[in-house]
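Let me begin by presenting the structure, written as structure tokens, before commenting on it.
In the text below, chain A, chain B and the rest are named by the order of the sequence lines, each starting its count at 1.
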4 protein chains.
Amino acid sequence: MQIKIDNASTRPIYQQIIDQIKRDIALGRLKAADKLPTVRQLAAQLVLNPNTISKAYRQLEQDGIIVTRPGAGAYVAELSSNLSKSVRKKLLCEQIELLVVEAVHMQIDARTLGEWFDGTAKKFKFTDSEE
Amino acid sequence: MQIKIDNASTRPIYQQIIDQIKRDIALGRLKAADKLPTVRQLAAQLVLNPNTISKAYRQLEQDGIIVTRPGAGAYVAELSSNLSKSVRKKLLCEQIELLVVEAVHMQIDARTLGEWFDGTAKKFKFTDSEE
Amino acid sequence: MQIKIDNASTRPIYQQIIDQIKRDIALGRLKAADKLPTVRQLAAQLVLNPNTISKAYRQLEQDGIIVTRPGAGAYVAELSSNLSKSVRKKLLCEQIELLVVEAVHMQIDARTLGEWFDGTAKKFKFTDSEE
Amino acid sequence: MQIKIDNASTRPIYQQIIDQIKRDIALGRLKAADKLPTVRQLAAQLVLNPNTISKAYRQLEQDGIIVTRPGAGAYVAELSSNLSKSVRKKLLCEQIELLVVEAVHMQIDARTLGEWFDGTAKKFKFTDSEE
DNA sequence: GTGGTCTAGACCACC
DNA sequence: GTGGTCTAGACCACA
């Protein structure tokens, strides 16, 4: 696993770890049942305190993204969401709005933003539509 | 100006204020040269510590979104961006990635996300393309 | 707030704190928008490390049961559940099964268990049925 | 014997084994004097470390639920409980409280919870009342 | 050896 | 002053 910590970022370290693991899963680089590095391994590799890794893993587990078992390690879980669809829509649309507002203030026109959006989305492994 | 603080949100209050002012500008509800409420007015209206409002205004000024003239109040600035296009692309694409990763983990398919994105984008006043 | 820690219990301390706060809310002793003791206050009162209290509060926040704001403290949130109804049913029925199995092994007959159940349920403030 | 391990559960594996054996007994699928699989058999069947099975059996024996005769295997014991009725009541009522508190926070109304409780209880073989 | 819990103590962002 | 993050290090339950 390749994880890079940006110490200059205001984003907490544990959150950066979460971001990158979720990204790797969404990209298909990590698949369900794959084993994650142990807390101690990753802590040594990134030169961080094991508690920091632990916090990231705990959060990921709580979000149902990984499964951790004392004595066995941490594994990627099946994709799933306990949230009701309306809650998911609300959460995502809030994030979309922030993105769009930012784009407007950066004077990026709608077409360009749409292209960047499509270009980025193409790289990820979405769940198939259930039409 | 209508600003609503969501105390349940983990987003800091000063950030929520920033978000909503930027949103109102992007929606066209606030236009260049419009006068913003004074720090004291807004603090009284939202029942918040004036320091919190100050922090939001200071941040907005730093981002070139408003202009404060000491003694005369704060005004909406012209849209502009000092950032190079490549930096803007990088910043927005990072945000797009976080959004898409989140959508994948919520098992929202690409088409649905695209629809939500388009629906949201339509509400805002983008700068015209400079083709 | 009256919280009692049982050091003899195998249940982690932070979990005991969570249990009792959720209980107080369910009993109506704590109501939405009530202020909880600060992390440091409660840590001093229970002679525990502030991190332990912090962990309990963080978990409660993640479950949408309280709202914490740096600089402002922690407050009881409105009752709500982001979980879909089927997930809620599954979670509760698993817990019910464990309870019933335990009762059978303790040779408690069905009627007695039902009475204990009703007696306990009566003490709590359920959401009204939405028939 | 059909035992299923849910690796996604936070419940320890040895505890899941205990849960399911107790459940099978409470359902009447396993009866007093029935022979349980050997530690090795079960370990092979579930692809688990034999120590894990051992721990489960040891705990079940300690709780008086099974009897292991060295060299002869493990057998289901007669239902019995050394605990005084008041202790049993205390233990069960604690568990009932946790269940009810959870239900309140999930915004399940009392009637629905009661129905789920009755529906679940009906499936099990309670000891007859000793009125 | 694995992750989980708890303590102790430093530093920072928020209000 | 509030809670959040991170480090360091001890001890325990699980496999």
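- With sequence neighbours left out, B:Glu61 forms a side-chain hydrogen bond (donor to acceptor under 3.5 Å, both in side chains) with B:Thr68.
- Legend: residues meeting side-chain hydrogen bond (donor to acceptor under 3.5 Å, both in side chains) with C:Gln62, ordered by chain and number and at least two apart, are A:Gln59.
- Pairs of residues two or more places apart, or lying in two chains, that qualify as salt bridge (charged side-chain N to carboxylate O under 4.0 Å, His left out) and include a residue from residues 6-21 of chain B are B:Arg11-B:Asp19.
- Every stem involving DNA chain E, taken as at least 3 paired positions in a row under the Watson-Crick or G-U wobble test at 3.5 Å, is listed here: E:1-14 with F:1-14.
- Of the residues in residues 4-18 of chain D, not one places a heavy atom less than 4.0 Å from an atom of DNA chain E.
- By the salt bridge (charged side-chain N to carboxylate O under 4.0 Å, His left out) test, C:Arg69 is found to be paired with no residue, residues two or more places apart in sequence or in another chain being considered.
- Contact check for A:Met1 versus A:Ile21: side-chain heavy atoms found under the 4.5 Å cut-off.
- Spacing between atom NZ of A:Lys35 and atom P of F:dA15 amounts to 14 Å, rounded to whole angstrom units.
- The CZ-P distance, from C:Arg69 to F:dG4, rounds to 11 Å in whole Å.
- Not a single side chain to side chain contact (heavy atoms under 4.5 Å, CB included) links D:Asn82 to another residue, sequence neighbours left out.
- Residue pairs that meet the salt bridge (charged side-chain N to carboxylate O under 4.0 Å, His left out) test with at least one member in residues 42-60 of chain A, sequence neighbours left out, do not exist here.
- Applying the salt bridge (charged side-chain N to carboxylate O under 4.0 Å, His left out) rule to B:Arg29 yields the partners B:Asp24; only residues at least two apart in sequence or on another chain are considered.
- Partners of D:Lys35 according to the salt bridge (charged side-chain N to carboxylate O under 4.0 Å, His left out) rule, which considers only residues two or more places apart in sequence or in another chain, do not exist here.
- C:Arg40 contributes no side-chain N or O that forms a donor-acceptor pair with the base of F:dG1 under 3.5 Å.
- In this structure A:Arg23 satisfies the salt bridge (charged side-chain N to carboxylate O under 4.0 Å, His left out) test together with B:Glu97, sequence neighbours excluded.
- Within residues 42-61 of chain C, the residues approached by DNA chain E to less than 4.0 Å at the level of any non-hydrogen atom are C:Leu48, C:Asn49, C:Asn51, C:Thr52, C:Lys55, in residue-number order.
- Checking A:Pro37 against C:Ala72, the closest nucleotide of DNA chain E that is more toward the 5' end is the one next to A:Pro37.
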